[in-house]
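Structure record follows, encoded as structure tokens.
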Number of protein chains: 2
Amino acid sequence: MDTALQIDDLRDDFIARMGVVAANDGMPRMSGQVFAMLVFEGEEVAFGDLAKGLSVSRATISTSIRLLEERGLIRRINKAGDRQDYFKLADDAYAAMTRCAIAATRRSKSEIDATIDKLPDEATAVRDRLQAFAGFYEAISTALEDATLRVSQPKHDTAQSLRPADTEIEQ
Amino acid sequence: MDTALQIDDLRDDFIARMGVVAANDGMPRMSGQVFAMLVFEGEEVAFGDLAKGLSVSRATISTSIRLLEERGLIRRINKAGDRQDYFKLADDAYAAMTRCAIAATRRSKSEIDATIDKLPDEATAVRDRLQAFAGFYEAISTALEDATLRVSQPKHDTAQSLRPADTEIEQ
DNA sequence: CAGTGTGTTCAGATATATCTGAACGCTCTT
DNA sequence: AAGAGCGTTCAGATATATCTGAACACACTG
């Protein structure tokens with residue numbers, strides 16, 4: 001019991017920290033906290049439990065989840081005989097995060113390229129400088145692509161993988 | 001003259017775009033715009049010209065510059081006989097950006113590690129999951145370190161490199 | 001078919017980061 | 001030594017992103 005309480009405190013602390021990390025990454029804090037809760041729990045978590053566990057409204061959970069789903073970081077699961085939606089980390093959650101980072105880097109680069117394309121031919125010095133800048137984003141992009149190969153899959157909860165699979169209907 | 005006007009429009013458009021890019025990266029928009037102006041101009045730009053060119057107060061320039069200086073992205077230059085401060089991109093500006101990204105990734109990882117260290121021994125499943133999460137940041141960190149080798153130096157303005165160097169006192 | 005529980009949406013409230021204007025200290029000039 | 005110009009700081013204004021509560025549509029239950 002003592003350990004269980006300690007674990008709960010650690011979980012809440014972890015969730016709070018990941019909220020800050022997410023905010024530093026330009027993500028909504030709550031999205032980071034939902035993700036953190038799913039990482040910590042390992043097994044599927046019900047929509048309502050997310051709201052309760054994070055002490056926020058269901059509306060906030062709804063929008064946080066939409067963002068995480070759009071990015072392919074989490075999966076929604078329907079259980080037969082249960083009207084609530086459940087969520088768990090996507091099997092390739094970390095690879096998906098990397099893909100998102102790559103996409104963001106490419107968008108940044110293309111903003112530079114847009115200006116390069118419009119430069120008059122004689123503006124060679126400016127073009128060189130902007131291309132060096134774009135090259136930076138290109139280098140980051142390439143590095144992240146290499147990282148995709150090294151990123152491992154999230155660990156599933158052991159108990160979870162022993163359950164019968166036919167009670168879940170993944171969407 | 002027609003070309004000169006067009007270039008000015010392109011510059012303003014570029015600066016506006018880079019402000020948005022910076023904001024997406026979790027940086028203040030103005031820091032991105034100051035950086036963009038220095039990239040575009042290539043040569044040193046006076047403090048006052050930054051404020052005028054970006055249509056913001058000198059206070060804003062001051063704080064934007066502090067951030068960029070702290071990160072090692074720009075250099076402050078004192079010219080003999082001129083009381084204004086001048087700024088240009090650091091020689092290793094893009095490498096510095098990469099280093100900042102690495103540092104941010106490491107900070108994120110250490111937030112996870114802080115929880116891992118406090119976990120009781122028997123929480124093996126949770127530990128495995130958090131370590132997989134931390135491994136993601138580790139992979140990104142490693143990839144960015146590789147990128148450092150590939151990131152090139154910003155191009156200097158050609159005219160600039162022909163000027164006598166003894167009129168500048170870099171700090 | 002009314003009632004309950006579910007997730008979504010959206011206008012408005014809230015919190016947060018960002019920018020400004022004024023005051024300040026400093027240096028150089030005269 | 002007074003004045004002008006410079007960059008910095010900070011309280012307050014502003015803008016923006018984020019969260020909430022209420023209304024809604026839908027599905028299942030009794």
Side-chain angles (χ1 to χ4, degrees), chain A residues 15-16 18-38 44-71 74-88 104 169-171, chain B residues 15-16 18-38 44-71 74-88 104 169-171:
Chain A
I15 287 172
M18 290 307 108
V20 176
V21 167
N24 288 342
D25 269 338
M27 252 180 134
R29 174 172 45 224
M30 284 313 306
S31 293
Q33 296 196 346
V34 168
F35 188 83
M37 184 157 172
L38 294 181
E44 307 106 350
V45 180
F47 189 101
D49 290 339
L50 287 172
K52 208 176 302 174
L54 300 173
S55 306
V56 293
S57 68
R58 295 184 319 161
T60 301
I61 297 297
S62 180
T63 59
S64 297
I65 275 180
R66 178 175 40 179
L67 176 68
L68 294 171
E69 265 187 316
E70 280 170 1
R71 300 198 178 184
I74 67 176
R75 278 189 100 79
R76 187 182 302 245
I77 295 169
N78 278 338
K79 293 193 177 187
D82 193 335
R83 292 165 58 187
Q84 251 185 129
D85 288 356
Y86 288 74
F87 300 89
K88 68 168 187 180
I169 305 151
E170 300 207 5
Q171 294 179 320
Chain B
I15 287 172
M18 291 307 107
V20 176
V21 167
N24 288 341
D25 269 337
M27 251 180 135
R29 174 172 46 227
M30 284 313 305
S31 293
Q33 296 195 346
V34 168
F35 188 83
M37 185 156 172
L38 294 180
E44 307 107 347
V45 180
F47 189 100
D49 290 340
L50 286 172
K52 208 176 301 173
L54 300 173
S55 308
V56 293
S57 69
R58 294 185 319 162
T60 301
I61 296 298
S62 179
T63 59
S64 297
I65 274 180
R66 179 175 37 178
L67 175 69
L68 294 171
E69 264 187 317
E70 281 170 0
R71 300 197 179 185
I74 68 176
R75 276 190 102 78
R76 187 182 302 245
I77 295 169
N78 279 339
K79 293 192 177 188
D82 193 334
R83 291 166 61 185
Q84 249 185 131
D85 288 355
Y86 287 75
F87 300 90
K88 67 169 186 178
I169 305 150
E170 301 206 6
Q171 294 180 317

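Here is the naming used below: chain letters follow the sequence lines, and residue numbers restart at 1 for every chain. Treat the numbers as computed from the prediction; the structure is a model and nothing was measured.
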message: Rounded to whole Å, please give me the gap between CD in Q84(B) and C1' in dC28(C).
response: 14 Å
Identify every side-chain donor-acceptor pair in residues 19-34 of chain B under 3.5 Å, counting partners at least two apart or on other chains, and give the distances.
none

- line: Comparing nearest nucleotides in DNA chain D, the 5'-proximal residue of the pair I61(B), S55(A) is I61(B)
query: When the distance from CE of M30(B) to C1' of dA17(C) is rounded to whole Å, what number comes out?
result: 15 Å
- prompt: Expressed in angstrom and rounded to an integer, what is the separation of I77(B) atom CD1 from dG7(D) atom C1'?
  reply: 17 Å
- prompt: Taking OP1 and OP2 of dG21(C), is either one under 4.0 Å from a side-chain nitrogen or oxygen of S57(B)?
  reply: no
message: Please identify which of these residues, L68(B), I77(B), V45(B), L50(B), meets the side-chain contact (heavy atoms from CB on, under 4.5 Å) condition with F87(B).
response: L50(B)
query: Considering only side-chain heavy atoms of F47(A), which listed nucleotide, dG7(D), dT9(C), dG7(C), is closest?
result: dG7(C)
- request: Rounded off to whole Å, could you give me the CG-to-P distance for the L54(A) and dT18(D) pair?
  value: 16 Å
task: Specify the separation, in whole Å, of atom CG of D85(B) and atom P of dT27(C).
output: 13 Å
message: Expressed as a whole number of angstroms, how long is the span from K79(A):NZ to dG5(C):C1'?
response: 18 Å
query: Does the side chain of N78(B) come within less than 4.5 Å of D85(B)'s, by heavy atoms?
result: yes
task: State whether R76(A) places a side-chain N or O below 4.0 Å from either non-bridging phosphate oxygen (OP1 or OP2) of dT8(C).
output: yes
- prompt: Where do F47(B) and R58(B) come nearest, in terms of heavy atoms and distance?
  reply: CZ-O, 3.5 Å
statement: Letter by letter from the 5' end, nucleotides 22-30 of chain D scores (B base, S sugar-phosphate only, - none; protein heavy atoms under 4.0 Å) -----B---
- prompt: At under 4.0 Å, does any side-chain N or O of T60(A) touch on OP1 or OP2 of dC19(D)?
  reply: no
message: Whole angstroms only, please: what is the OH-P distance between Y86(A) and dG5(C)?
response: 15 Å
D49(A) CG to L54(A) CG distance, which is reported to the nearest 0.5 Å: 10.0 Å
task: For the residue pair K88(B) and L38(B), establish whether any side-chain heavy-atom pair is separated by less than 4.5 Å.
output: no
query: Taking atom P of dG5(D) as reference, at what distance in whole Å does atom CG of N78(B) sit?
result: 19 Å
- line: Taking every heavy atom of A46(B) against every heavy atom of Q84(B), the minimum-distance pair comes out as CB-OE1, 3.5 Å
